[in-house]
Every structure is written in C-alpha cells, then in structure tokens.
Amino acid sequence: MINFKKCGLEDIETLKEISIKTFVDTYGEDNTEKNMSLYIQSSLTDEALTEQLTNSDSLFYLMFDNENLVGYLKLNIEKAQSKIYDEDSVEIERIYVLDEFQHRGFGQQMLDKAIEIAKQLDKGSLWLAVWEKNNGAISFYHKNHFKQVETITFILGETPFTGLVMKKWFH
Ligand SMILES: CC(C)(COP(=O)(O)OP(=O)(O)OC[C@H]1O[C@@H](n2cnc3c(N)ncnc32)[C@H](O)[C@@H]1OP(=O)(O)O)[C@@H](O)C(=O)NCCC(=O)NCCS
C-alpha cells in the first residue's frame, strides 16, 4: 500500500540520503564530479535542507510502498518557487523515484499527489523545469499533458544547462 509522509525536520537524514542518491543516479553520468559536488554542497547539506524544510512554502513528501521508501517529492508555492513566480501555480521542484522502483507506476502516483495538493490549495496549474536532455522525464510529463511554455538556463555547479519549463493546467 502506498502512503505519503509530509516531511518535517525529523526526516532530514532520510531526505538527505535519498536526495543525494537520486541526484547522483539521475545526473552523475552526464556531469563532472566537481559540478555534482558543488550542487550537493550547496543544496543538499543539513543546513540547506533545514532551511528548505522550515520554509512553509516548500512542501516535502516521502513516498512509501508498504515500509519501503520509493521516492520523494518537493513542491514550492508562493515566493518559494524558483525562477518563475506564479501565484496561481505550484512548482514541482523535485520528483524522484529510486532507480530500483522506476517504471512501476510510483512516479505517476507521486504526480497525482502533486495534482491533488495543488487543487486543494486552489491553484490552477502545476509547473516544472526539466533538463532538455532528460527524455524519460519529458515523456512522463507529456503523457500527463504538460505543455512546454518556455526555456530557461540553470547552472549546475559551474555549467549552464537549458531547461524546458512545462506546465499543466487543470481546466
Ligand atoms: C521521471 C520519474 C519520476 C517517473 O517515475 P516512474 O515511477 O519511473 O514512472 P511511472 O512508472 O509512474 O510511469 C508513468 C508513465 O510515464 C511514462 N514514462 C515514465 N518514465 C518514462 C521513460 N523513462 N521513458 C518514457 N516514458 C516514461 C510512461 O508512459 C509511463 O506509463 P506506462 O508505464 O503505462 O508506459 C522517474 O523515472 C524518476 O525519478 N527519474 C529520475 C529522476 C528525474 O528525472 N526526475 C525528474 C526531474 S525533472
């Protein structure tokens, strides 16, 4: 059975571990070690995660299948949104399923959870930015009727990358 745990500071160690693991598994092959560690040391430390977890406009969820941790979700609302500010929208900043649990429908259930939360918050859409070469995730979003609305540049460590901004409206 699937369940979601809304994270608090008590989850920081679990969150740090799964965040680093999924980040390295997803981007490690295509990026330099230096860029990977610059990101980890700026965004996934105890200090950085404490700041994110105590920001009431950032919502973290751990997803469990029975007792197994399968992934996590980070949503941003209001001023916690990165790059783009849309009062009527919710940003999916991170949606990660652990490698060994991918392609079994868990990502879909996590996305459905994000949609449910955005609707509960009375927002009209969800948006996200995805690396232009992350074809698997882009197919996943297309399947879920996200449309590309613009492109952005983001910096990983020292290197600029192009991200596709994709949005899904509920009406
Ligand atoms: C993207 C991600 C969240 C999808 O989760 P998942 O559990 O693997 O996906 P699901 O099994 O729920 O797939 C749902 C549908 O999305 C599509 N899909 C998912 N992954 C896909 C892939 N790699 N290639 C093509 N289509 C894909 C399929 O149509 C699938 O439906 P189907 O199984 O009926 O064919 C997951 O693969 C992941 O965590 N990837 C690494 C991290 C990442 O890239 N996150 C996104 C950053 S923006």
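Atoms within a ligand are numbered from 1 in the order they appear, just like the ligands themselves.
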Fill in the blank from the handout: Near F106 (heavy-atom distance under 4.0 Å), the atoms of ligand 1 are 7 (O), 12 (O)
Exercise for the section: Would you tell me which option among M63, M166, Q102, Q109 has the nearest heavy-atom contact to atom 37 (O) of ligand 1? Expected result: Q102
Handout entry: K119 NZ/CZ over F170 ring centroid, <6.0 Å and within 45° of normal
Key = yes
Handout entry: Nearest-contact summary for atom 23 (N) of ligand 1 - protein heavy atom, Å
Key = G136 CA, 3.2 Å
Exercise for the section: Using a strict cut-off of less than 4.0 Å between a Lys/Arg side-chain nitrogen and an Asp/Glu carboxylate oxygen, indicate whether D11 and K5 qualify as a salt bridge. Expected result: yes
Exercise for the section: I would like to know whether L53 and L15 meet side chain to side chain contact (heavy atoms under 4.5 Å, CB included); could you show each step before the answer? Expected result: CA-CA 10 Å; L53 278 165; L15 203 51; 3.8 Å; yes
Handout entry: Identity and separation of the nearest protein heavy atom to atom 39 (O) of ligand 1
Key = V97 N, 2.7 Å
Handout entry: ligand 1 N/O within reach of N134 N/O, cut-off under 3.5 Å
Key = yes
Problem - Within one Ile-Leu-Val-Met-Phe-Trp-Tyr cluster: L121 and F4, side-chain cutoff 4.5 Å - result: yes
Practice task
On the 0 to 90° scale, with breaks at 30° and 60°, tag the Y27-Y96 ring pair as parallel, tilted or perpendicular.
Solution key: perpendicular
Fill in the blank from the handout: For atom 42 (C) of ligand 1, the closest protein heavy atom turns out to be Y96 CD2, 3.3 Å
Practice task
Please identify each residue that fulfils salt bridge (Lys or Arg N to Asp or Glu O under 4.0 Å) with D122, with sequence neighbours left out.
Solution key: none
Problem - atom 45 (N) of ligand 1: the protein heavy-atom neighbour that sits closest, reported with distance to 0.1 Å - result: I95 O, 2.9 Å
Problem - Where ligand 1 meets R104 - atom numbers and elements under 4.0 angstrom, heavy-atom basis - result: 11 (O)
Practice task
Say whether L128 and ligand 1 are in contact under the criterion: heavy-atom distance to a ligand atom below 4.0 Å.
Solution key: no
Fill in the blank from the handout: A student checking ligand 1 against S139 at a 4.0 Å heavy-atom cut-off should list atoms 25 (C), 26 (N)
Handout entry: Y141 heavy atom under 4.0 Å from ligand 1
Key = yes
Problem - Polar proximity ligand 1 side, Y27 side, N/O cut 3.5 Å exclusive - result: no
Practice task
Check each atom of ligand 1 against the heavy atoms of T26 and keep those under 4.0 Å away; list them by number with element.
Solution key: 41 (C), 42 (C), 44 (O)
Exercise for the section: Starting from atom 34 (O) of ligand 1, find the nearest protein heavy-atom neighbour and note its residue, name and distance. Expected result: K143 NZ, 3.3 Å
Exercise for the section: Ignoring hydrogens, just give me the one of Q108, H103, E93, R94 whose non-hydrogen atom is nearest atom 6 (P) of ligand 1. Expected result: H103
Practice task
Note the single closest protein heavy atom to atom 5 (O) of ligand 1, along with its residue, its atom name and the distance in Å.
Solution key: G107 CA, 3.3 Å
Problem - Verdict with reasoning, W131 to L156, per side chain to side chain contact (heavy atoms under 4.5 Å, CB included) - result: CA-CA 11 Å; W131 180 34; L156 180 69; over 6 Å; no
Problem - Nitrogen or oxygen atoms of G105 and ligand 1 under 3.5 Å apart - result: yes
Exercise for the section: Keeping the roles fixed (side chain from N55, backbone from D57), state whether a donor-acceptor pair exists under 3.5 Å. Expected result: yes
Exercise for the section: Output yes when a protein non-hydrogen atom is found under 4.0 Å of atom 48 (S) of ligand 1, and no otherwise. Expected result: yes
Exercise for the section: Give the residue and atom name of whichever protein heavy atom lies nearest to atom 13 (O) of ligand 1, and the separation in Å to one decimal. Expected result: F140 CD1, 4.1 Å
Practice task
Can you measure from CD1 (I2) to CG (N68) and round to the nearest 0.5 angstrom?
Solution key: 9.5 Å
